[in-house]
There are 2 protein chains.
Amino acid sequence: MKTTRLENRRTNPDFLNGVPELVLLKLLDRRPMHGYELVRSIKRETGDALAFGEGCVYPVLHKLESQGLLESRATTVRGRERYVYHVTPSGRTKLKRSAQEWTEIARAIQTLLQGGNDDTPVAST
Amino acid sequence: MKTTRLENRRTNPDFLNGVPELVLLKLLDRRPMHGYELVRSIKRETGDALAFGEGCVYPVLHKLESQGLLESRATTVRGRERYVYHVTPSGRTKLKRSAQEWTEIARAIQTLLQGGNDDTPVAST
DNA sequence: CCTTATACCTGATAGTTCTAGGTATCACCA
DNA sequence: TGGTGATACCTAGAACTATCAGGTATAAGG
């Protein structure tokens, strides 16, 4: 349970990894869903750019719930159990922060990638 | 050595993780550098948005060299050894492909994040 | 001579994601 | 009645990354 403070982090946040977490939070913030539905939703909504399997989605759901960022309601539809997850207030806070950090990092990388070979006279050592 | 074909991949590429690899290739494509210089360069050029330590950079450099994507030249400056890395032609090819995939994924995520709560009537099962 | 900065490197650990399984219910069809 | 496929959930094990925390060695400055 790393204390992820923006100020005193000396390392990169989890955003190079934590993309599934971010995506789940965002999709569930749009509308509550159950796990199986999420798996298909991710593929559909990203045009197959992202495809997280069940083995990725379910553990993340459980982790987020245990952290109080998600809550689930068990419903039984046609004999099948469904756990419909929705974002809690603190989950929404987390989502906002995460989305912002992701955007920041993505922009930094994008800027790097777009810059051609530079001839900026860097006073190297 | 997974065969990372765009067509028949059923999973996500390494880009959720392989950011250091991408960044190193890009920076070295701009101008050859040695490892220690890279570490500082990443922080500086991304405005501290990214900060990969030596423990991350050196292994990646070695991996990329062993894959023929980088080559190094040993030089001795003021008694200190330096291994200056530069990108090979196949490294440049890899860089282009990687950068493109990253952009694609980043755009997909960004689109997700920007979309507000949607009311699209999804004919849910 | 001792500390700091440069420059390189690695081992152990922690964390994430993927693969590949597993269970159970229902709908459909023969 | 029995089989198959879709739905819906779950987990263990493996693989991979990146970090942390160390290590070596040279040169410069006090």
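All values below come from the heavy atoms of this structure, side chains included, with hydrogens, waters and symmetry mates left out. This one's a predicted model, so the numbers in the text were calculated from it and none came from an experiment. Reminder, nothing fancy here: chain letters follow the sequence lines and each chain counts from 1.
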- d(CG, B:Leu50; P, D:dA18) in whole Å: 11 Å
- Task: Can you spot which of A:Lys43, A:Arg44, A:Arg82, A:Arg31 makes a salt bridge (charged side-chain N to carboxylate O under 4.0 Å, His left out) with A:Glu37?
- Result: A:Arg31
- Message: Without decimals, in angstroms, what is the distance between B:Glu37 CD and C:dA5 C1'?
- Response: 15 Å
- Task: Using atom CG of B:Leu61 as one end and atom P of C:dC9 as the other, report the distance to the nearest whole Å.
- Result: 8 Å
- Query: Counting just side-chain N and O atoms, does A:Arg82 come under 4.0 Å of either OP1 or OP2 of D:dT7?
  - Reply: no
- Task: Report yes if a side-chain nitrogen or oxygen of A:Tyr58 is closer than 4.0 Å to either non-bridging phosphate oxygen (OP1 or OP2) of D:dC9; otherwise report no.
- Result: yes
- Side-chain N or O of B:His34 less than 4.0 angstrom from OP1 or OP2 on C:dT6? no
- Item | Spacing between A:Glu54 atom CD and C:dA24 atom P, to the nearest angstrom | 17 Å
- Query: Does B:His62 make a side-chain N or O approach to OP1 or OP2 of C:dC8 shorter than 4.0 Å?
  - Reply: no
- Would you mind reading off the distance between A:Glu21 atom CD and C:dG15 atom P, rounded to a whole angstrom? 13 Å
- Item | Between P of D:dC9 and CD of A:Glu65, the distance in whole Å | 12 Å
- Task: Starting at atom CZ of B:Phe52, determine the distance to atom C1' of D:dT19, rounded to an integer number of angstrom.
- Result: 11 Å
- Check whether any side-chain heavy atom of B:Tyr58 sits under 4.5 Å from a side-chain heavy atom of B:Tyr36, and report yes or no. yes
- Message: Once you apply a heavy-atom cut-off of 4.0 Å, does A:Gly35 come out as touching a base, just sugar-phosphate, or nothing?
- Response: sugar-phosphate
- Give the nucleotide from the list C:dA7, C:dC8, D:dA18 with an atom nearest to the side chain of B:Val60. D:dA18
- Counting only heavy atoms not in B:Arg73, do more than 12 fall under 6.0 Å of its CZ? no
- Taking only residues two or more places apart in sequence or in another chain, which ones pass side-chain hydrogen bond (donor to acceptor under 3.5 Å, both in side chains) with A:Ser72? A:Glu65
- Residues that A:Arg107 engages under salt bridge (Lys or Arg N to Asp or Glu O under 4.0 Å), provided they are two or more places apart: none
- Does A:Lys63 have a side-chain nitrogen or oxygen under 4.0 Å from the phosphate oxygens OP1 or OP2 of C:dT16? yes
- Message: Tell me the interatomic distance from B:Leu64, atom CG, to D:dA18, atom C1', rounded to whole angstroms.
- Response: 15 Å
